[in-house]
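Accompanying notes for the structure given below.
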Amino acid sequence: MNYKRYMRNPVMDFKERTWPNNEITKAPTWVSVDLRDGNQALIDPMIVEEKMEFFELLIKLGFKEIEIGFPAASQIEYDFLRQLVDRKMIPDDVWVQVLTQCREELIDRTFESIEGIKNVIVHIYNSTSTLQRDVVFGKDMEEIKAIGVAGAKMVKERAKNFPGNIRLEYSPESYTGTEPEYALEVCEAVMDEWGATKENPVIINLPSTVEMTTPNVFADRIEWTIKNFKDRERVIVSIHPHNDRGTGVATAELAMLAGCDRVEGTLFGNGERTGNVDILNIAYNMFSQGIYPGLEIGNVNELIEVYERCCKIPIHPRHPYAGKLVFTAFSGSHQDAINKGVKAMRERNSEIWQVPYLPIDPADIGREYEPIVRINSQSGKGGVAFVMDTYFGFKLPKGMHKEFANVIQAISEKQGEVSPDQIMASFKENYIDKKEPLHFRKLKVDDMSGDTDSEFDTKITLTYTLNGVEDSVESVGNGPIDAVVRGIRQKLDVEVKVLDYEEHALQSGGNAQAAAYIHLLSANDGRVTYGVGISSNITRASIRAIFSAINRLELL
């Protein structure tokens with residue numbers, strides 16, 4: 001661990017910062033650079049038709065500024081831009097952004113590529129960092145500044161004869177490695193050359209080309225720069241964070257607090273090295289705080305499908321909001337909390353989403369409730385109960401949660417994750433279909449409430465089979481359940497006691513079935529278990545539950 005090879009990057013001394021006291025209250029101007037910065041980072045770059053599809057997706061999402069490439073540097077990108085023009089695919093309210101270095105032949109080629117487009121952002125850049133001035137260009141500060149100024153001048157001259165609208169964007173590349181005072185000096189010189197005004201502002205894009213320190217330092221730099229512009233109204237402050245330290249989203253959000261107007265990034269964070277900032281991540285973060293995110297992102301599954309197909313990169317299963325596992329819970333305590341939170345919202349008819357461990361309702365972004373709870377060996381009783389209720393309508397008594405969860409855990413320890421269908425199959429096998437050796441056949445119930453000579457109000461005739469042999473018993477009791485238990489005790493010498501009984505409808509309507517749960521005690525050895533029965537008749541469901549419990553206790 002030779003950590004002494006690396007120098008700590010300087011931290012700005014900026015005690016006048018105000019951004020920590022600010023809040024994000026509205027979306028910035030979003031700029032997708034998927035088709036340029038994102039595409040150049042792909043192992044297998046998009047072909048023209050894939051770019052067309054991706055462009056249409058970005059329009060559908062509501063992006064009004066889209067960087068489509070570096071047309072002067074690549075014939076494919078030039079042809080793609082011309083296809084957008086020829087097919088009339090660029091809406092009148094969308095600004096197409098093209099990137100070019102500050103070189104005359106490249107700027108000329110860029111202007112050829114944008115003929116026929118109504119609104120164009122010409123994005124020029126040159127690196128201003130201390131390191132690159134030294135080891136890449138071998139130029140001093142004045143020479144580097146002159147490159148940016150010359151680029152602005154060339155664009156301005158060509159913009160005079162362009163029939164559409166041209167907006168200049170300038171990036172002091174490697175801004176995070178540039179002295180703040182010098183970066184500001186270069187940007188001011190570029191704006192002066194352009195003749196920037198409130199009516200004709202320049203986009204000054206301050207990129208975290210390489211993340212070099214913590215997000216708060218970037219926010220300090222952004223706020224300092226904004227406060228030191230000669231005229232804030234003549235500049236649109238843009239940021240372009242990368243993710244080298246894994247803090248691209250935090251960097252962008254803190255820069256928004258610091259006052260930036262505009263954020264360049266990509267869908268799902270694709271880009272060089274560890275990627276660009278993930279625009280969707282930030283937008284969904286805003287959505288989760290009750291802020292309109294400025295993009296139509298209500299169907300994340302569609303975004304995933306187009307992105308994975310065009311970029312040939314899978315979404316990580318733990319990717320924020322989009323990953324397959326982000327709305328799941330394996331932990332038993334998490335599952336229990338989710339279960340209770342969803343139940344509380346239903347009971348309260350709450351219009352505000354408040355469920356533990358789920359910052360947003362998955363349904364609001366096109367996800368489904370089905371994957372919320374996943375059952376494995378780490379899951380607890382709450383998760384299994386949640387699956388039974390949410391998927392199949394069985395509201396297990398609280399005392400039954402642990403008993404059935406133990407059954408499922410034994411399966412998960414052998415095979416790993418257990419699907420809802422497997423859970424239901426196990427429930428049927430262990431409870432509903434537990435019909436041997438004692439099998440309920442039919443029941444006749446007579447009301448004895450008018451018989452003043454009897455201490456009981458119910459008489460039953462119970463028909464059953466034991467190991468396949470049919471038999472019957474008559475018995476009395478206070479209600480059908482009591483009478484059946486007394487009859488079984490009398491006929492089969494089975495000492496059991498009913499500890500608890502619950503029931504509920506499984507569906508609504510005339511054909512509804514009922515589920516009954518009996519908690520039964522074996523008086524001889526103290527063992528307890530639940531039995532479950534279902535039927536369109538609640539009395540039959542209850543008796544089936546008794547038989548289920550006796551068979552589970554293996555008393556015969």
Side-chain angles (χ1 to χ4, degrees), residues 31-41 45-46 48 51 55 65-85 90 94-129 132 136-137 139 143-175 183 186-187 189-191 193-196 200-207 209 236 238 240 242 262 264 266 271-272 276:
V31 186
S32 164
V33 296
D34 289 89
L35 295 170
R36 199 277 301 173
D37 208 346
N39 187 61
Q40 75 181 29
M46 287 182 259
V48 170
K51 284 190 168 190
F55 181 81
E65 298 185 15
I66 301 171
E67 187 167 275
I68 56 85
F70 196 148
S74 165
Q75 188 63 44
I76 291 178
E77 296 193 10
Y78 185 99
D79 292 343
F80 165 57
L81 180 51
R82 296 315 305 165
Q83 284 290 312
L84 290 179
V85 176
I90 305 172
V94 171
W95 288 75
V96 165
Q97 182 167 307
V98 288
L99 184 73
T100 180
Q101 292 170 328
C102 301
R103 290 162 49 188
E104 189 166 14
E105 71 277 12
L106 297 180
I107 291 174
D108 283 338
R109 180 69 167 164
T110 299
F111 270 83
E112 288 177 19
S113 73
I114 61 175
E115 288 180 7
I117 301 177
K118 180 178 180 180
N119 299 308
V120 183
I121 298 169
V122 177
H123 182 185
I124 61 173
Y125 72 97
N126 66 300
S127 184
T128 57
S129 75
Q132 291 209 40
V136 178
F137 301 108
K139 294 181 181 293
E143 290 173 309
I144 291 293
K145 179 171 66 174
I147 294 173
V149 172
K153 184 176 182 179
M154 286 184 279
V155 174
K156 181 172 67 173
E157 290 172 349
R158 287 152 183 79
K160 292 175 184 177
N161 298 318
F162 186 77
N165 301 312
I166 295 287
R167 177 168 288 163
L168 179 70
E169 175 175 351
Y170 174 69
S171 291
E173 191 199 353
S174 300
Y175 166 75
V186 174
C187 292
V190 168
M191 288 190 287
E193 175 60 43
W194 182 257
N200 182 27
V202 170
I203 299 169
I204 294 296
N205 186 53
L206 304 173
T209 307
I236 298 168
S238 176
H240 183 114
H242 280 245
R262 186 177 184 269
E264 295 189 349
T266 59
E272 296 280 9
N276 286 43

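The analysis underlying the following values was restricted to heavy atoms, covering all of them including side chains, and did not include hydrogens, waters or symmetry mates. Small disclaimer: the values here were computed from a predicted structure and weren't measured.
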Test salt bridge (charged side-chain N to carboxylate O under 4.0 Å, His left out) applied to Arg109 and Glu104, step by step: CA-CA 9 Å; Arg109 180 69 167 164; Glu104 189 166 14; over 6 Å; no
For a quick test of reading the model, state the closest non-hydrogen atom pair linking [X] to [Y] and the distance between them.
X	Y	result
Pro71	Tyr78	O-CB, 3.5 Å
Cys187	Ile204	SG-CG2, 3.6 Å
Gly271	Ala41	C-CB, 3.3 Å
Val94	Asn119	O-CB, 3.8 Å
Pro172	Leu206	CG-CD2, 3.9 Å

Would the distance check show the side chain of [X] and the main-chain N or O of [Y] forming a donor-acceptor pair, the cut-off being under 3.5 Å?
X	Y	answer
Asn39	Pro45	no
Asn126	Ile144	yes
Arg82	Ser113	yes
Lys156	Glu193	yes

Could you go step by step and tell me if Trp194 and Asn200 meet the side-chain contact (heavy atoms from CB on, under 4.5 Å) rule? CA-CA 9 Å; Trp194 182 257; Asn200 182 27; 3.2 Å; yes
Residues two or more places apart in sequence or in another chain: which of them pass salt bridge (Lys or Arg N to Asp or Glu O under 4.0 Å) with Glu272? none
Full working for side-chain hydrogen bond (donor to acceptor under 3.5 Å, both in side chains) between His240 and Ser171: CA-CA 9 Å; His240 183 114; Ser171 291; over 6 Å; no
CA sep, side-chain torsions, deciding dist, call: Trp95, Ile66, side-chain contact (heavy atoms from CB on, under 4.5 Å): CA-CA 7 Å; Trp95 288 75; Ile66 301 171; over 6 Å; no
Return the [atom1] to [atom2] distance between [X] and [Y], rounded to the nearest 0.5 Å.
X	Y	atom1	atom2	result
Ile68	Ile117	CD1	CD1	6.5 Å
Ile107	Glu157	CD1	CD	9.5 Å
Phe70	Leu35	CZ	CG	15.5 Å
Ile76	Gln83	CD1	CD	12.5 Å
Glu264	Ser32	CD	OG	9.5 Å
Phe55	Phe80	CZ	CZ	6.5 Å

Take Asn161 and Phe111 through the test side-chain contact (heavy atoms from CB on, under 4.5 Å) and record every step on the way to the result. CA-CA 10 Å; Asn161 298 318; Phe111 270 83; over 6 Å; no
Side chain to side chain donor-acceptor pair (under 3.5 Å) filter on Gln132, not counting sequence neighbours, yields Ser127, Ser174
Residue pairs passing the salt bridge (charged side-chain N to carboxylate O under 4.0 Å, His left out) test with at least one member in residues 162-175, sequence neighbours excluded, are Glu169-Arg262
Side chains of Asn205 and Ser238, donor plus acceptor under 3.5 Å: yes
So do the side chains of [X] and [Y] get within less than 4.5 Å of each other, counting heavy atoms only?
X	Y	answer
Ile166	Ile114	yes
Asp34	Asn276	no
Ile124	Gln101	no

Could you tell me whether Arg36 and Glu67 make a salt bridge, using a distance below 4.0 angstrom between a side-chain N and a carboxylate O? yes
Check the pair Val96, Ile121 against side-chain contact (heavy atoms from CB on, under 4.5 Å), reporting the backbone distance first and the verdict last. CA-CA 6 Å; Val96 165; Ile121 298 169; over 6 Å; no
